[in-house]
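Here's the structure we're looking at; comments come further down.
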Amino acid sequence: VSAIEVARAALEAADGDAEAVAHTERSGLARFAGSEVHQPTLIENTVVTLRVVRDSRAGVATTNKVDSDGLAALARRASEAADSAPADETFPGLAPPSEPAQVEGYDERTAELGPDDQARLAAAAIEAAEIPVYGFFTSAVSELAVATTTGVSVEQRMTDATALVVAADEGRSGYAETTAWRSGDVDPAAVAREASEKAARTKGAQELEPGSYRAVLEPYAFADLLEYFSHDSFGGLGLLEERSYFSGRLGKRIFDEKISIADDSLDPRGLPKAFDFEGTPKQRVQLVEAGVARGVVWDRETAAQSKNGAASTGHALPVESRDWGPLPYALSIAPGDAESVEELAELVGDGIYITRLHYLGVLHPREGVITGMTRDGTFRIRDGKIAEPLVNLRFTVAVPDLLGEVYGLTRTAALVNSQNFYGERYPYGVLSPAVAAARFTITGVGSKPGI
Amino acid sequence: VRDLCAAAIDAATGAGAEYADARVVLKRNQLVATKNGRVDRLTDAESEGIGVRVLVGGAWGFACDRRLTSEGAREAALRACTFARAAAGNHSRQLAPLDVQTGHFRSAVERDPFEVPLAEKVEHCLRADAALAGPDILVRQAMVRAQREHKLLLSSEGTEVEQELIECGAGIDCSAAGNGVFQSRSYPSAHVGSSCQSGWEYVDGLGLEREAPRVAEQAAALLRADPCPSLVTTVVLDADQVALQVHESVGHPTELDRVYGTEASYAGTSFLKPGDLGSLRYGSEKMNITADSTTPGGLGSFAFDDEGVPAARTPVVAEGRLTGFLTSRETAARIGSGAGGSMRADGWNRMPLVRMTNLHIEPGEGTFDDLLADVDDGIYMETNKSWSIDDKRLNFQFGTQIAWEIKDGKLGRMLRDATYTGITPVFWGSLDAIAGPESWRLYGLTNCGKGQPGQSAHVSHGAAPARFRDVQVGVKA
């Protein structure tokens with residue numbers, strides 16, 4: 001049964017105005033540690049969420065029992081929820097019918113991968129590494145469909161594949177990953193080699209005096225940092241609640257003019273999406289243009305609350321995640337001119353080189369201050385060259401300060417996976433180049449790399 | 001559904017599995033949240049299915065199916081065997097011995113939270129939401145939640161246990177903004193309040209509406225408070241922040257799968273080594289940490305874990321020395337100590353992992369005022385705001401929503417944006433006092449992430465306010 005059939009069946013079970021969102025997943029994840037697959041997980045599931053609207057009162061219920069009895073019970077629970085809610089004059093109504101753009105993002109070959117294939121591709125990573133590896137290969141086919149009594153009926157099939165490797169032993173570790181919607185674009189052996197080669201260079205890591213340093217951030221690190229910044233600053237709810245760095249700054253210069261950031265779910269280099277969880281077509285949204293704050297993303301609810309003429313840009317999240325409001329799930333940072341990270345190191349001259357970040361925490365959302373650790377490949381830059389390895393470092397940076405003076409970005413952008421596969425499978429990521437910036441504040445030293 | 005589990009195990013062993021277990025899980029969640037006087041979320045979610053875990057040739061495999069049919073059960077078992085057979089590696093995984101377990105368990109509840117009408121939950125939130133109103137308050141939020149998890153576990157060794165775990169929780173948050181400053185306050189904890197394995201009486205007892213005016217006043221006052229200075233000083237943490245400190249810097253590093261590196265690709269490893277057991281100095285002699293899956297009301301309480309191992313109370317740190325790890329049957333066999341008991345899965349479609357159950361710091365003596373009385377100059381910090389710790393769980397930096405100066409044993413001016421940082425064993429070594437049993441509270445959090453694919457665990461921590469000397473506070477960007 002397809003997702004759209006499930007959504008339509010749920011809609012038929014409902015009494016009155018309603019929206020049904022159906023999500024199917026068939027995935028396999030072959031997780032390995034110490035070069036052995038130790039947690040191989042196969043998942044098959046279909047989940048349908050029904051939002052029933054009585055006048056301006058809305059209630060939501062979810063189930064994975066999609067036979068007629070299950071859907072009838074779903075409708076009863078959603079109706080009971082709606083009947084329990086007080087009237088909400090700000091409720092914007094369900095989405096009108098629309099014709100989302102045709103997007104890529106589905107690959108038959110990826111969809112056909114089964115457990116033997118997923119295990120084989122994990123083995124390819126394991127066999128290619130010269131030191132023990134920890135990570136996974138995963139692939140999935142998923143479907144999302146939205147149907148409403150207002151006439152929305154949209155569906156999309158998606159595939160995704162990721163190979164992720166931490167190569168590590170005593171005192172050394174390196175990281176690499178590749179994500180794509182075509183599994184053929186993911187080479188687990190190449191990922192493992194990149195992680196291994198990085199790890200080999202981290203032996204004998206030294207400590208570093210805390211302070212402000214020039215820095216090169218690989219795409220893995222830059223994407224992670226920007227994604228955390230985006231939760232408060234790039235969404236309409238953050239703007240309305242004044243926790244966004246953009247509050248009072250729209251139209252003003254906030255970053256170096258080399259920085260342009262968009263959210264672009266239609267870009268085939270990413271993990272394309274045609275519509276959001278309300279069935280609204282995805283739009284490309286320019287967030288930052290040549291350093292100037294241009295806009296944020298909206299869903300129907302926050303756009304209605306904004307009272308400034310904003311309209312949904314197609315960024316509604318699943319209903320259970322809407323406490324964050326709309327978020328950009330396809331961040332895309334405009335690349336620069338540098339041919340390589342080595343060229344960025346030359347621009348930096350003296351500084352630090354960061355492969356990856358770990359366990360970020362937002363200290364002050366309004367100022368964009370974020371802390372975290374570097375991990376799996378931190379190096380000193382001396383005389384424009386990537387030099388000796390460093391221990392894992394604690395950083396505390398204000399993102400606007402980091403991006404206030406940028407020396408350059410690489411010409412190519414990598415797709416960095418952002419989904420850690422909690423809940424239902426919904427692949428998304430950040431298209432990010434590497435960046436060289438003038439100020440990255442180190443506030444402490446941690447342990448040496450490695451296991 | 002017992003027959004489905006049995007069918008899955010028969011299919012797995014018939015396909016060559018030397019061990020198999022099957023879990024059927026039926027889970028229901030309700031959430032009501034209000035924001036600024038309107039209903040923000042009102043959801044009622046259910047999920048059911050069967051998860052089958054097998055050992056074939058010493059290799060694990062796991063597969064699941066949402067269909068509670070014999071066909072779904074058998075197909076999941078066979079897919080799990082296929083995946084295990086294909087798994088790369090020289091597998092020789094062993095399980096610690098376990099006697100056959102049978103039994104039933106149900107959470108003790110006075111008023112089943114699912115018997116509380118949704119309209120009553122909405123009203124409960126709206127009253128608390130309204131009570132948060134005040135000058136400079138921009139965002140008011142209240143939420144209540146409830147969960148029922150009914151699960152049946154059968155194993156090829158003959159274990160058969162059935163459990164029904166019921167929990168609920170609630171919390172309020174508000175945010176104030178002005179002059180470019182943004183501040184938040186929460187009660188009883190940040191990050192979706194606090195939860196307990198209990199009936200609705202737990203939510204009633206929290207007194208959200210009663211506490212709301214104080215929470216709002218403090219949020220507004222923070223807009224005019226001075227920033228926390230940067231210095232090395234004595235720090236007193238409230239019980240909520242001590243609970244978070246225990247979670248991050250004791251709970252996760254003592255998970256034995258992390259010690260063995262099997263979580264290296266995501267959550268990270270541990271600064272601890274297997275050989276540290278019984279010898280490593282974790283903190284001062286005031287530090288006593290206990291893993292206890294028998295704690296009444298704990299979110300990590302059960303009669304049996306998801307491998308069927310009976311609940312137990314285990315000292316993890318005794319008088320500052322490492323005395324125990326959190327284990328599975330596999331990791332217990334590998335280290336040659338313990339019997340498991342910490343394996344938990346996030347529903348039917350995830351493989352069990354080594355997780356915290358309930359991890360407590362044991363109370364000391366005296367009152368909160370006694371902790372302050374012995375401080376000439378210091379800072380008191382309350383309610384977690386931000387948290388970050390490295391992959392080995394050594395270097396941490398935490399922030400709290402609010403703080404006060406301590407001068408001559410008394411609380412002084414309010415401070416905002418308080419942070420502190422340290423290295424785990426050094427920090428715990430600086431613990432010189434913890435308040436007594438009357439200050440000890442149980443906090444339940446529902447957002448502990450681990451594993452690939454990701455899993456969220458619900459865990460509880462008992463904690464009391466504690467005092468630490470020579471701590472770096474006020475980290476600046």
Side-chain angles (χ1 to χ4, degrees), chain A residues 29 31 33-34 36-45 59-64 77 80-81 84-85 88 90 115-116 119 122-123 126 134-136 164 166 168 241-243 320 358-359 361-366 369 371-373 375 392 394 396-398 420-422 441 443-444 446-447 451, chain B residues 33 38-39 41-49 59-66 79-80 82-84 86-91 117-119 122 138-139 175 177 182 261-262 264-265 268-269 271 349 351 386-392 394-395 397 399 417 419 421 449 452-454 456 475 477:
Chain A
L29 190 148
R31 192 181 195 202
E36 281 193 354
V37 171
H38 69 309
Q39 287 167 2
T41 298
L42 296 170
I43 297 173
E44 294 203 21
N45 200 8
V60 176
T62 298
T63 191
N64 68 343
R77 289 189 294 116
E80 182 190 343
S84 304
D88 180 0
T90 68
D116 284 321
I126 291 169
Y134 304 77
F136 63 83
L164 180 151
V166 174
E241 295 180 348
E242 297 191 26
R243 58 186 155 79
E320 66 272 16
H358 177 77
Y359 214 133
V362 177
L363 295 181
H364 312 308
R366 174 89 177 215
V369 178
T371 188
M373 297 293 298
R375 181 179 168 184
N392 299 329
R394 173 158 296 285
T396 307
V397 300
N420 291 312
F421 310 110
Y422 288 90
T441 305
T443 52
S447 51
I451 293 293
Chain B
R38 55 181 286 276
V39 173
R41 281 174 295 157
L42 183 53
T43 62
D44 186 337
E46 63 176 12
S47 180
E48 65 177 31
W60 286 116
F62 176 83
C64 56
D65 203 299
R66 68 176 175 80
R79 287 198 305 272
T82 299
F83 217 6
N90 303 310
H91 302 283
L118 279 169
V122 170
L138 196 64
V139 181
S175 300
F182 177 89
T262 52
S265 59
T269 59
F271 69 94
N349 60 3
M351 199 171 177
S386 67
W387 67 104
S388 173
I389 188 165
D390 74 6
D391 59 318
K392 290 193 172 71
L394 270 174
N395 181 308
Q397 181 172 312
D417 302 337
T419 56
T421 187
Q452 289 165 321
S456 288
V475 182

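In what follows, chains carry the letters A, B, and so on, assigned in the order in which the sequence lines appear, proteins first and then strands, with residues in each chain numbered from 1. From a predicted model like this one, the values you see are computed outputs, not experimental measurements.
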Chain B heavy atoms under 4.5 Å from [X]: which part of the residue, side chain, backbone, both or neither?
X: Thr443(A); answer: side chain
X: Arg375(A); answer: side chain
X: Thr441(A); answer: side chain
X: Ile451(A); answer: both

pair [X]-[Y]: side-chain heavy atoms closer than 4.5 Å:
X: Phe271(B); Y: Ser447(A); result: no
X: Met373(A); Y: Asp391(B); result: no
X: Ile43(A); Y: Leu29(A); result: no
X: Thr62(A); Y: Thr43(B); result: no
X: Gln452(B); Y: Asn420(A); result: no
X: Asp417(B); Y: His364(A); result: yes
X: Asn90(B); Y: Glu36(A); result: yes

Let's test your reading of the structure: which of [options] forms the most heavy-atom pairs below 4.5 Å with chain A?
options: Ala88(B), Ala63(B), Ser388(B); answer: Ser388(B)
options: Ala33(B), Gly268(B), Ala177(B), Ala264(B); answer: Ala264(B)
options: Lys392(B), His91(B), Gln397(B); answer: Gln397(B)
options: Thr269(B), Asp390(B), Val139(B); answer: Asp390(B)
options: Pro453(B), Gly89(B), Ala84(B), Gly61(B); answer: Pro453(B)

Can you tell which of [options] has the highest number of heavy-atom pairs within less than 4.5 Å of chain B?
options: Val397(A), Leu363(A), Val369(A); result: Leu363(A)
options: Ala85(A), Pro115(A), Gly361(A), Ala398(A); result: Pro115(A)
options: Ala33(A), Ala81(A), Ala168(A), Gly59(A); result: Ala81(A)
options: Arg77(A), Arg366(A), His38(A); result: Arg77(A)
options: Gly135(A), Gly34(A), Ala122(A), Ala123(A); result: Gly135(A)
options: Asn45(A), Val166(A), Asn64(A); result: Asn64(A)

Side chains of Arg394(A) and Asn395(B), donor plus acceptor under 3.5 Å: yes
message: Can you see whether Glu241(A) engages Ser175(B) through a side-chain donor-acceptor pair at a distance of less than 3.5 angstrom?
response: no
Inter-residue atom distance Thr262(B).OG1 - Tyr134(A).OH, 0.5 Å rounding: 9.0 Å
- prompt: Roughly how far, to the nearest 0.5 Å, is CG of Asn349(B) from CD of Glu48(B)?
  reply: 12.0 Å
Please classify the contact between [X] and chain A as side chain, backbone, both or neither, with a heavy-atom cut-off of under 4.5 Å.
X: Ser456(B); result: both
X: Arg79(B); result: both
X: Ile389(B); result: both
X: Val39(B); result: both
X: Ala59(B); result: neither
X: Leu394(B); result: side chain

Heavy-atom donor-acceptor pair, Thr419(B) side chain to Val475(B) backbone, under 3.5 Å: yes
- request: Please report the shortest heavy-atom distance between Phe421(A) and Phe136(A), naming the atom on each side.
  value: CE1-CZ, 3.7 Å
